[in-house]
Amino acid sequence: MAVIEVHDLQRRFGSVQAVRGVNFEVKEGEIFAFLGPNGAGKSTTISMLATLLHPTAGTAKVAGFDIVREPDRVRHSIGIVFQDPTLDDRLTAEENLQFHALLYNVDSRIVKERVPKLLEMVELLDRRKSLVRTFSGGMKRRLEIARGLLHHPKVLFLDEPTIGLDPQTRARIWEYVRGLRDQEGITVFMTTHYMDEAEVCDRIAVIDHGQIVALGTPSELKALVGGDVITLAANDQEKARQFIAAQYGEPIVTPSGLQFEVTGGETIIPELVARCPTPVRAISLRKPTLDDVFLKLTGREIRDEPPQNHRPRMARIHGGR
Ligand SMILES: Nc1ncnc2c1ncn2[C@@H]1O[C@H](COP(=O)(O)OP(=O)(O)OP(=O)(O)O)[C@@H](O)[C@H]1O
Ligand SMILES: [Mg+2]
């Protein structure tokens with residue numbers, strides 16, 4: 001069942017077309033990511049889905065409710081962790097959660113029961129009486145996630161949940177997010193520009209200049225690159241080159257050997273080694289990464305500045321519309 005349905009959603013700020021008509025669905029219990037560079041339109045899309053920003057055109061439903069016609073019902077079905085921190089530094093961890101409960105009209109009995117549970121989940125129970133001002137970046141982020149969960153949302157929006165955090169804290173936040181999905185069946189919509197983070201999501205929409213340029217599971221996206229990358233070193237390089245060129249296309253000569261792309265690399269390797277007309281000294285297989293995908297689709301690294309008048313190429317896999 002689709003928990004988020006988005007049809008031709010658009011948003012313009014003056015002359016800036018921030019989101020240019022995106023279409024996608026997120027299924028119940030899915031961890032879905034928007035992966036894209038700075039200014040791609042990720043936060044703008046989240047803000048529209050969370051009813052904080054009006055779309056210029058298009059429609060979307062979250063948890064079955066229309067984001068324009070039923071914003072209150074949408075708000076009660078979602079939790080959101082913003083890109084920029086929004087905790088009150090002058091309050092304690094516990095007070096921040098209680099204040100949020102007040103805003104959302106959460107029953108006081110439920111608050112009493114749920115606040116300690118959530119603080120325990122994000123390992124902040126022993127710091128519940130500390131002022132947030134005294135927390136590290138990672139602790140604040142964890143508290144924000146706990147706060148986003150207080151009213152038992154169906155969908156959790158996380159805008160760059162781990163940006164600027166150290167690898168250990170990032171890994172820990174990921175544990176919570178996956179745990180939530182597994183234990184509470186929550187649907188997670190997140191944005192990131194970390195490739196390794198997108199890698200562990202169920203599906204990814206690659207967004208660039210306000211448009212989805214590819215949508216699919218990490219392995220589907222990587223399949224767009226064309227296959228596995230094999231590097232082979234042989235006793236007689238020229239003989240090996242001729243053999244590879246005839247079978248798989250002209251290889252690239254690299255310091256570590258001859259490099260070429262194949263599909264289903266694992267099954268090809270034994271045959272390759274057996275049939276190569278000269279003894280194989282070393283062979284390695286590398287799976288394509290999401291970096292390779294982004295590079296192939298947009299012609300740039302994800303952290304590069306966008307070139308002028310760039311038109312992203314469309315490569316849609318099933319799942320989006
Ligand atoms: N309130 C606003 N007023 C004017 N322009 C805006 C506003 N919010 C966003 N934009 C513009 O819309 C485009 C998309 O911005 P958005 O914040 O959605 O990008 P993003 O993908 O979240 O980027 P980042 O990775 O840097 O967070 C940018 O060109 C940005 O300058
Ligand atoms: Mg953003």
Side-chain angles (χ1 to χ4, degrees), residues 4 6-24 26 31-60 62 67-68 71 74 78-87 137 140-141 144-145 147-148 155-165 170 173-174 177 188-201 203-215 221 290-291 293-295 297-314 320:
I4 304 177
V6 180
H7 301 277
D8 195 30
L9 201 62
Q10 300 179 29
R11 174 68 204 208
R12 175 192 290 278
F13 296 105
S15 61
V16 177
Q17 187 74 45
V19 177
R20 303 169 182 245
V22 293
N23 293 283
F24 60 91
V26 181
I31 299 181
F32 186 92
F34 253 20
L35 172 71
N38 290 138
K42 303 182 298 292
S43 295
T44 305
T45 304
I46 281 208
S47 298
M48 289 191 280
L49 296 178
T51 76
L52 304 171
L53 197 62
H54 237 68
T56 310
T59 59
V62 175
I67 57 165
V68 174
V74 171
I78 64 170
I80 179 161
V81 176
F82 296 97
Q83 184 165 358
D84 301 316
T86 58
L87 294 165
K140 286 184 188 167
R141 219 56 190 147
E144 291 200 299
I145 293 177
R147 187 185 58 179
V155 183
L156 182 63
F157 289 102
L158 300 171
D159 198 359
E160 307 272 358
T162 64
I163 197 151
L165 301 177
R170 286 177 57 200
I173 286 182
W174 262 99
V177 171
V188 179
F189 180 102
M190 60 174 291
T191 72
T192 182
H193 49 244
Y194 291 124
M195 298 285 179
D196 56 340
E197 207 156 85
E199 190 91 28
V200 293
C201 293
R203 285 192 309 144
I204 306 165
V206 181
I207 180 166
D208 191 32
H209 295 283
Q211 273 180 298
I212 293 176
V213 292
L215 196 156
L221 291 180
L290 286 174
D291 287 279
V293 176
F294 195 81
L295 190 67
L297 292 174
T298 67
R300 323 189 298 283
E301 303 277 353
I302 200 157
R303 286 185 188 282
D304 280 1
E305 285 305 310
Q308 306 238 305
N309 302 324
H310 173 75
R311 284 275 165 277
R313 241 181 339 140
M314 192 68 189

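Counting starts at 1 for both ligands and their atoms, following the listed order.
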S.K.: Tell me whether Gly41 reaches ligand 1 (any heavy atom closer than 4.0 angstrom to a ligand atom).
M.R.: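 Contact present.
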
S.K.: Checking Lys42 side chain against Pro37 main chain: does a donor-acceptor pair fall under 3.5 Å?
M.R.: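 Present.
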
S.K.: Answer yes or no: is there a donor N or O on one side and an acceptor on the other, between the side chain of Thr191 and the main chain of Glu160, under 3.5 Å?
M.R.: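 At least one qualifying donor-acceptor pair exists.
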
S.K.: I need the nearest protein heavy-atom contact for atom 13 (C) of ligand 1: residue, atom name and distance, please.
M.R.: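 Closest protein heavy atom to atom 13 (C) of ligand 1: Ala18 CB, 3.7 Å.
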
S.K.: In terms of residue, atom name and distance, what is the protein heavy atom nearest to atom 25 (O) of ligand 1?
M.R.: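 Atom 25 (O) of ligand 1 sits closest to the protein heavy atom Lys42 NZ, 2.7 Å.
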
S.K.: Roughly how far, to the nearest 0.5 Å, is CE of Met190 from OG1 of Thr162?
M.R.: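 Separation between the atoms: 6.0 Å.
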
S.K.: Which ligand 1 atoms are under 4.0 Å away from a heavy-atom of Ala40?
M.R.: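 In order of number, 19 (O), 20 (P), 21 (O).
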
S.K.: Do protein heavy atoms approach atom 9 (C) of ligand 1 to less than 4.0 Å?
M.R.: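 When distances to the protein are checked, atom 9 (C) of ligand 1 has a heavy atom within 4.0 Å.
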
S.K.: Does even one non-hydrogen atom of Arg11 get within less than 4.0 Å of ligand 1?
M.R.: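 So Arg11 does not count as touching ligand 1.
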
S.K.: Looking at Val81 and Ile145, what are the two nearest heavy atoms and their distance?
M.R.: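 So the two residues come closest at CG2-CA, 3.8 Å.
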
S.K.: Quick one: CD on Glu144 to CD1 on Ile80, what's the gap to the nearest 0.5 Å?
M.R.: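 Here the rounded value is 10.5 Å.
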
S.K.: For atom 29 (O) of ligand 1, find the nearest protein heavy atom and state the residue, atom name and distance (0.1 Å precision).
M.R.: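 It is Val16 CG1, 3.8 Å.
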
S.K.: Taking the Mg ion (ligand 2) as the center, what protein N, O or S atoms are found at less than 2.8 Å?
M.R.: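 You should have found Ser43 OG, Gln83 OE1.
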
S.K.: Quick test: of every protein heavy atom, which one is nearest to atom 23 (O) of ligand 1, and how far off is it to 0.1 Å?
M.R.: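 Closest protein heavy atom to atom 23 (O) of ligand 1: Gly39 N, 2.8 Å.
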
S.K.: Can you check whether Met48 reaches Val6 side chain to side chain, under 4.5 Å on heavy atoms?
M.R.: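 Contact flag for Met48/Val6 side chains = no.
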
S.K.: What's the spacing between Arg11 CZ and Arg20 CZ if we round to 0.5 Å?
M.R.: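 That separation rounds to 15.0 Å.
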
S.K.: For atom 1 (N) of ligand 1, what's the nearest protein heavy atom and its distance?
M.R.: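 The closest heavy atom on the protein side is Phe13 CE2, 3.6 Å.
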
S.K.: Would you check, one step at a time, whether the test side chain to side chain contact (heavy atoms under 4.5 Å, CB included) holds for Val155 with Phe32?
M.R.: CA-CA 11 Å; Val155 183; Phe32 186 92; over 6 Å; no

S.K.: Grab the two heavy atoms, one from Ile67 and one from Thr51, that are nearest each other, plus how far apart they are.
M.R.: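 Taking every non-hydrogen atom into account, O-CG2, 3.7 Å.
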
S.K.: Which atoms of ligand 1 sit under 4.0 Å from any heavy atom of Glu160?
M.R.: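 Those atoms are 25 (O).
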
S.K.: List the closest protein heavy-atom neighbour of atom 26 (O) of ligand 1: residue, atom name, distance to the nearest 0.1 Å.
M.R.: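 Among all protein heavy atoms, the one nearest atom 26 (O) of ligand 1 is Asn38 ND2, 2.9 Å.
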
S.K.: To the nearest 0.5 angstrom, please state how far the OG1 atom of Thr44 sits from the CG atom of Leu49.
M.R.: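 Here the interatomic distance stands at 11.0 Å.
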
S.K.: Quick check on contacts: which atoms of ligand 1 are under 4.0 angstrom from a heavy atom of Ser43?
M.R.: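 Answer, ordered by atom number: 17 (O), 18 (O), 20 (P), 22 (O), 27 (O).
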
S.K.: Any atoms of ligand 1 less than 4.0 Å from a non-hydrogen atom of Thr44? List them with their elements.
M.R.: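 It comes down to these atoms of ligand 1: 9 (C), 14 (C), 15 (O), 16 (P), 18 (O).
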
S.K.: Does atom 31 (O) of ligand 1 have a protein heavy-atom neighbour under 4.0 Å away?
M.R.: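 Given the 4.0 Å limit, the answer for atom 31 (O) of ligand 1 is no, no protein heavy atom qualifies.
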
S.K.: Which ligand 1 atoms, with their elements, are less than 4.0 angstrom from a heavy-atom of Gln83?
M.R.: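 Ligand 1 atoms under the 4.0 Å threshold to Gln83: 27 (O).
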
